Amino acid sequence: MVRIHDTLLGRETDLVQRIAGSVSIYVCGPTVYEVPHVGHGRTALVYDVIRRYLTWTGLDVMYVSNVTNVEDKIIARAAREGTSEAEVADRYEAAYWAELIRLNVDEPDAVPRATQFVEPMIDLIAELITAGHAYVIEGEGVYFAVGTFPAYGELSHRRLQDLLDSAGTRVEVDEQKRSPVDFALWKAAKPGEPDWDSPWGRGRPGWHIECSAMSLAILGEGFDLHGGGDDLVFPHHENERAQAEGAGHAFARHWIHSGMVMTGGEKMSKSLGNYTTLGGAIDAHGPRAFRLAVLQVHYRSQMELGDAELRSAAEAVGRLDALVRRAEAAGVVSDASLLDVEVVASFRAAMDNDFGTSAAVAAVFDAVRRANTEIDADNLANAGLLVGTVRHLLAALGLEIGVADDQDGDDDVIERLIAEREGARVSKDFATADRVRDELATLGITLEDTPSGTLWHR
RNA sequence: GGUGGCGUAGCCGAGUGGCUCAGGCAAGGGUCUGCAAAACCCUGGACGUGGGUUCAAUUCCCACCGCCACCUCCA
């Protein structure tokens with residue numbers, strides 16, 4: 001049984017599914033008005049790993065992750081560039097997926113976009129008005145009446161009074177609202193902004209309503225797991241929940257939230273401008289180093305994810321690739337259907353405990369060391385079992401080993417140079433052999449002489 | 001001010017009331033190698049501070065110090 005830390009409960013609990021054997025997951029994706037940064041990469045990877053692991057355990061996973069494509073910053077950017085909101089959103093959504101593909105993040109089963117679900121949002125707002133949880137301010141829009149929903153604050157563990165006390169200290173309050181904590185469900189149209197018809201006049205949906213409507217529309221009532229970055233707990237997820245449950249719909253059974261990426265001790269964010277682009281980080285250190293670095297930290301913890309962390313992870317990935325190289329060179333055969341039961345048990349125990357990827361990866365590295373020892377001792381059968389287990393478990397986390405991040409280059413030239421060096425070595429002409437090795441080094445090629453021949457890698 | 005969380009060896013980072021203090025990176029010493037590379041072996045060093053509970057605390061409790069997040073858009 002998988003145990004998860006449920007934000008609503010504030011503690012760990014069993015992941016009990018709506019329907020035994022299957023898991024439905026909704027994860028909040030980005031608002032696409034800028035290129036993705038390292039933090040977006042981490043979050044996408046965290047949930048990709050959770051999804052992969054649940055699938056690996058035999059569950060039938062339905063994974064939905066949305067894209068917010070209508071929002072103030074998108075509108076502002078489109079206006080600034082003299083282009084359409086759709087063009088801006090499409091451009092940055094494409095940039096987002098392009099990087100996730102490099103990271104080997106599996107495509108979600110569904111990627112709902114806000115503009116595709118305006119009708120269900122309008123229906124939900126209408127239900128809230130009927131239920132007495134929402135009200136119209138002429139010329140302004142429709143607002144959720146927080147005071148009418150007693151459960152408000154449960155998810156983010158806030159008292160309504162505390163919210164009222166701090167309201168207005170940081171953001172100006174619209175005096176027409178019944179309460180300063182009420183939030184917009186529908187915003188009346190403004191000149192130059194995209195808008196849709198609604199029973200309350202033309203306008204556009206508030207931010208929070210899209211996720212309530214889209215998750216219910218695609219996954220249905222009482223879906224299993226709702227996730228996102230922990231900066232979304234309040235107000236976004238609190239509001240999503242109020243909207244769905246206020247309208248009488250059973251919402252997410254469990255909530256999970258992942259930690260933020262920090263840089264120099266501060267949260268990385270687009271608005272602070274202190275971010276590193278995801279593409280830049282992947283270019284510099286490779287997609288697998290990025291994934292491993294994320295795996296080495298528990299998903300709920302804040303983490304630094306800069307050059308030092310990525311370099312360290314890249315070295316570790318190199319060691320994993322080296323294991324595959326030397327296993328193959330030694331003639332080790334691994335059968336994917338045969339796994340080391342103890343290693344698998346350690347891995348599962350770690351992952352079942354709130355997706356403890358850090359401990360799970362540690363179990364794998366333990367097996368890596370043992371596999372190398374077995375190769376050194378020429379115990380090829382034992383080595384094969386361990387190498388196969390390592391590859392299988394890492395693949396379950398989305399990490400492929402034994403394959404280079406980039407395969408370009410002229411292998412024929414390299415092979416010829418290695419053969420040339422081999423000839424020099426046989427005739428004890430080590431000066432020539434070393435000269436060839438240096439030449440290869442300038443091409444970024446590292447050589448390894450083994451009893452069964454010379455191996456090379458980039 | 002309110003809420004939640006964190007402070008572990010050079011760095012990153014799991015974890016546990018007592019057993020040889022995960023794992024990764026880095027460092028030093030070996031083995032192997034023509035030399036390297038890779039790998040393996042060995043080594044050192046930790047649990048913010050002060051109290052308390054306990055036979056025993058890094059782990060539980062209290063206080064204090066420091067840091068972070070959310071309370072506004074945000075992954």
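Because the structure is a prediction, the values reported are computed rather than measured. Numbers restart at 1 for each chain; the letters A, B, ... are given by sequence-line order, proteins then strands.
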Visitor: For atom P, what is the distance between B/U20 and B/A37, given to the nearest Å?
Guide: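 My reading of the P atoms in B/U20 and B/A37 gives 36 Å.
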Visitor: Would you say A/Arg369 places a side-chain N or O within less than 4.0 Å of OP1 or OP2 belonging to B/C41?
Guide: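 Yes.
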Visitor: So does A/Lys187 pair up with A/Asp195, basic N to acidic O under 4.0 Å?
Guide: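 Between A/Asp195 and A/Lys187 there is no salt bridge, as every charged N stays at least 4.0 Å from the carboxylate O atoms.
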Visitor: Report which part of the nucleic acid A/Lys73 touches: base, sugar-phosphate, or nothing (heavy-atom distance under 4.0 Å, all strands).
Guide: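 Since a base atom lies under 4.0 Å of A/Lys73, the category is base.
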Visitor: Is the centre of the A/Trp186 ring less than 6.0 Å from the centre of the A/Phe144 ring?
Guide: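 No - the distance between ring centres of A/Trp186 and A/Phe144 does not fall below the 6.0 Å cut-off.
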Visitor: Using a 4.0 Å heavy-atom cut-off, does A/Ala308 contact any base of the nucleic acid, only the sugar-phosphate backbone, or nothing at all?
Guide: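 No contact.
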Visitor: State the pairing partner of B/G7; accept Watson-Crick or G-U wobble contacts with both distances under 3.5 Å, and report none otherwise.
Guide: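 B/C65 is the nucleotide pairing with B/G7.
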Visitor: Say we look at B/C70 and B/A63: how far apart would their P atoms be, to the nearest angstrom?
Guide: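 26 Å, rounded to whole Å.
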Visitor: Say you pick atom P in B/G15 and the same atom in B/U3; how far apart are they, in whole Å?
Guide: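 Going atom to atom, P in each nucleotide, I get 26 Å.
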Visitor: I'd like to know if A/Asp162 reaches the base of B/G1 with its side chain, counting only an N/O donor and acceptor under 3.5 Å.
Guide: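 No, no donor-acceptor pair under 3.5 Å.
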Visitor: Is a salt bridge present between A/Arg370 and A/Glu374, judged by a nitrogen-to-oxygen distance below 4.0 Å?
Guide: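 Salt bridge: no.
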Visitor: Applying a 4.0 Å non-hydrogen cut-off, can you work out what A/Pro235 is touching in the nucleic acid: base, sugar-phosphate, or nothing?
Guide: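 Sugar-phosphate contact only.
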Visitor: Heavy atoms only, 4.0 Å cut-off, all strands: where does A/Phe430 land among base, sugar-phosphate and nothing?
Guide: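 Base: the residue A/Phe430, judged by heavy atoms under 4.0 Å, touches a nucleobase.
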Visitor: Classify A/Val233 by what it touches in the nucleic acid, base, sugar-phosphate, or nothing, heavy-atom distance under 4.0 Å.
Guide: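 Nothing, no nucleic acid heavy atom in range.
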Visitor: For a quick check under 3.5 Å, do A/Asn239 and A/Gln243 share a side-chain donor-acceptor pair by atom type?
Guide: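 There is no such pair between these side chains.
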Visitor: Phosphate oxygens OP1/OP2 of B/A14: is one of them under 4.0 Å from a side-chain N or O of A/Ser301?
Guide: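 A/Ser301 to B/A14 OP1/OP2: side-chain N or O found under 4.0 Å.
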Visitor: Over all strands shown, is A/Ser271 touching base, sugar-phosphate only, or nothing at heavy-atom distances under 4.0 angstrom?
Guide: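 Answer is base: heavy atoms of A/Ser271 come under 4.0 Å of a base.
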Visitor: Quick one: is A/Lys267 getting a side-chain N or O under 4.0 Å of the B/C70 phosphate, OP1 or OP2?
Guide: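 Answer yes for this pair, as a side-chain N or O of A/Lys267 is under 4.0 Å from OP1 or OP2.
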Visitor: Rounding to a whole Å, what distance do you find between A/His208:NE2 and B/U72:C1'?
Guide: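 Rounding to the nearest Å, NE2 of A/His208 and C1' of B/U72 are 10 Å apart.
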Visitor: Answer with base, sugar-phosphate or nothing: what part of the nucleic acid does A/Gly29 contact at a heavy-atom distance below 4.0 Å?
Guide: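 Sugar-phosphate, backbone atoms only, no base.
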Visitor: Less than 6.0 Å separating the ring centroids of A/Phe290 and A/His285?
Guide: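 Aromatic pair excluded; centres sit 6.0 Å or further apart.
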Visitor: From C-beta outward on A/Met262, which listed nucleotide comes closest to its side chain: B/A69, B/A75, B/G34?
Guide: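 Closest of the options to the side chain of A/Met262: B/A69.
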Visitor: What nucleotide, of B/A14, B/C40, B/A38, holds the atom closest to the side chain of A/Arg326?
Guide: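 Comparing B/A14, B/C40, B/A38 against the side chain of A/Arg326, the answer is B/A38.
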Visitor: Does any N or O donor sit under 3.5 Å from an N or O acceptor when you compare the side chain of A/Thr31 with the base of B/A75?
Guide: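 Under the 3.5 Å cut-off, the side chain and the base do not form any donor-acceptor pair.
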Visitor: How many Å lie between CD on A/Glu154 and P on B/C71, as a whole number?
Guide: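 Taking atom P of B/C71 as the reference, CD of A/Glu154 is at 20 Å.
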Visitor: Please determine, for the side chain of A/Thr446, which listed nucleotide (B/C25, B/C71, B/A37) has the closest atom?
Guide: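 When the side chain of A/Thr446 is considered, B/A37 is the closest of B/C25, B/C71, B/A37.
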Visitor: Rounded to whole angstroms, how far apart are NE2 on A/His257 and P on B/C71?
Guide: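 Whole-Å distance recorded here is 13 Å.
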Visitor: Can you check whether any acceptor in the base of B/C35 is under 3.5 Å from a donor in the side chain of A/Asp449, or vice versa?
Guide: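 Under the 3.5 Å cut-off, the side chain and the base do form a donor-acceptor pair.
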Visitor: Roughly, in whole Å, what's the span from CG in A/Leu272 to P in B/C68?
Guide: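 The answer, rounded to whole Å, is 12 Å.
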Visitor: When you check the gap from the basic side-chain N to the acidic O, do A/Asp162 and A/Arg159 get nearer than 4.0 Å?
Guide: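 Here A/Asp162 pairs with A/Arg159 in a salt bridge, since their nearest N and O are under 4.0 Å apart.
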Visitor: Verify whether the ring centers belonging to A/Tyr47 and A/Tyr299 lie closer than 6.0 Å.
Guide: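 Not under 6.0 Å, so no.
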Visitor: Give none if B/U31 has no partner; otherwise give the nucleotide forming a Watson-Crick or G-U wobble pair with it, both distances under 3.5 Å.
Guide: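 Across all strands, the one nucleotide that pairs with B/U31 is B/A39.
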Visitor: Using a cut-off of 4.0 Å on non-hydrogen atoms, how would the nucleic acid contact of A/Asp72 be classed: base, sugar-phosphate, or nothing?
Guide: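 Result for A/Asp72 = nothing.
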Visitor: Once you apply a heavy-atom cut-off of 4.0 Å, does A/Arg325 come out as touching a base, just sugar-phosphate, or nothing?
Guide: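 The answer is nothing, as A/Arg325 stays clear of every strand by at least 4.0 Å.
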Visitor: I want to verify a distance call: between B/G2, B/C70, B/C25, whose nearest atom is closest to the A/Glu315 side chain?
Guide: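 It is B/C25.
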Visitor: Would you indicate which nucleotide in B/A38, B/C25, B/C70 comes nearest to any side-chain atom of A/Glu448?
Guide: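 Output: B/A38.
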Visitor: Answer yes or no: does a side-chain N or O of A/Arg437 lie under 4.0 Å from OP1 or OP2 of B/A36?
Guide: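 For B/A36, OP1/OP2 do not have a side-chain N/O of A/Arg437 under 4.0 Å.
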Visitor: OP1 or OP2 of B/C11 sitting under 4.0 Å from any side-chain N/O of A/Arg311?
Guide: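 So the side-chain polar atoms of A/Arg311 never come under 4.0 Å of the phosphate oxygens OP1 or OP2 of B/C11.
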Visitor: Given B/A75, B/A14, B/U3, identify the nucleotide with an atom nearest to the side chain of A/His298.
Guide: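 Ranking B/A75, B/A14, B/U3 by closest atom to the A/His298 side chain puts B/A14 first.
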Visitor: For A/Tyr26 and A/Asp224, does a side-chain donor sit closer than 3.5 Å to a side-chain acceptor?
Guide: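 Absent: no donor and acceptor within the cut-off.
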Visitor: In the strands shown, is B/C55 matched to any nucleotide by a Watson-Crick or G-U wobble pair with both distances under 3.5 Å, and which?
Guide: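 Partner of B/C55: B/G18.
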Visitor: Of all the nucleotides listed (B/C35, B/A69, B/G24), which has the minimum atom distance to the side chain of A/Arg425?
Guide: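 Between B/C35, B/A69, B/G24, the one nearest the side chain of A/Arg425 would be B/C35.
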Visitor: Classify A/Arg370 by what it touches in the nucleic acid, base, sugar-phosphate, or nothing, heavy-atom distance under 4.0 Å.
Guide: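 Touches nothing.
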Visitor: Using the P atom as the point on both nucleotides, what is the distance between B/G66 and B/G52, in whole Å?
Guide: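 Their P atoms lie roughly 23 Å apart.
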Visitor: Suppose we call two aromatic rings close when their centres sit under 6.0 Å apart. Are A/His237 and A/His226 close by that rule?
Guide: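 Here the rings of A/His226 and A/His237 have centres that are less than 6.0 Å from each other.
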Visitor: Of the nucleotides B/C68, B/C70, B/A75, which one has an atom closest to the side chain of A/Gln302?
Guide: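 Of the candidates, B/C68 comes closest.
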Visitor: For A/Leu163 and B/U72, what is the distance between atoms CG and C1' respectively, to the nearest whole Å?
Guide: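 My rounded result for the distance is 13 Å.
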Visitor: With a 4.0 Å cut-off on heavy atoms, is A/Val261 in touch with a base, just the backbone sugar-phosphate, or nothing at all?
Guide: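 Base contact.
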Visitor: Please figure out whether A/Arg159 or A/Asp230 has its closest RNA chain B nucleotide nearer the 5' end.
Guide: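 Mapping each residue to its closest nucleotide by heavy atoms, the 5'-most match is A/Arg159.
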Visitor: What is the distance, rounded to the nearest whole Å, between atom CE of A/Met260 and atom P of B/C70?
Guide: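 That distance rounds to 8 Å.
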Visitor: Please report the distance, rounded to the nearest Å, between CD in A/Glu266 and P in B/A69.
Guide: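 Value for this atom pair: 6 Å.
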Visitor: What I want to find out is whether A/Arg241 reaches A/Glu154 closely enough, with some N-O distance under 4.0 Å, to be called a salt bridge.
Guide: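 Counted as a salt bridge, because a side-chain N and a carboxylate O are separated by less than 4.0 Å.
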Visitor: Taking any heavy-atom pair under 4.0 Å as a contact, classify A/Glu71: base, sugar-phosphate, or nothing.
Guide: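 Sugar-phosphate contact only - A/Glu71 comes under 4.0 Å of backbone atoms but never of a base.
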Visitor: Here's a test of your reading of the structure: between A/Gly10 and A/Leu447, which maps to the more 5' nucleotide of RNA chain B?
Guide: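 Checking each residue's closest nucleotide, the 5'-ward one belongs to A/Gly10.
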Visitor: Would you say the base of B/C40 and the side-chain of A/Thr373 have a donor-acceptor pair closer than 3.5 Å?
Guide: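 Checked by distance alone, the answer is no.
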Visitor: Which part of the nucleic acid does A/Met268 contact within heavy-atom distance under 4.0 Å: base, sugar-phosphate only, or nothing?
Guide: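 Since a base atom lies under 4.0 Å of A/Met268, the category is base.
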Visitor: What do you reckon, do A/Phe365 and the base of B/G23 stack, with centroid distance below 5.5 Å and planes below 30°?
Guide: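 According to the criterion (under 5.5 Å, under 30°), no, A/Phe365 does not stack.
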Visitor: Under 3.5 Å, is there any donor-acceptor pair linking the side chain of A/Ser358 to the base of B/A14?
Guide: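 Side chain to base: no pair below 3.5 Å.
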Visitor: How is A/His37 classified with respect to the nucleic acid when contacts are heavy atoms under 4.0 Å: base, sugar-phosphate, or nothing?
Guide: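 Answer is base: heavy atoms of A/His37 come under 4.0 Å of a base.
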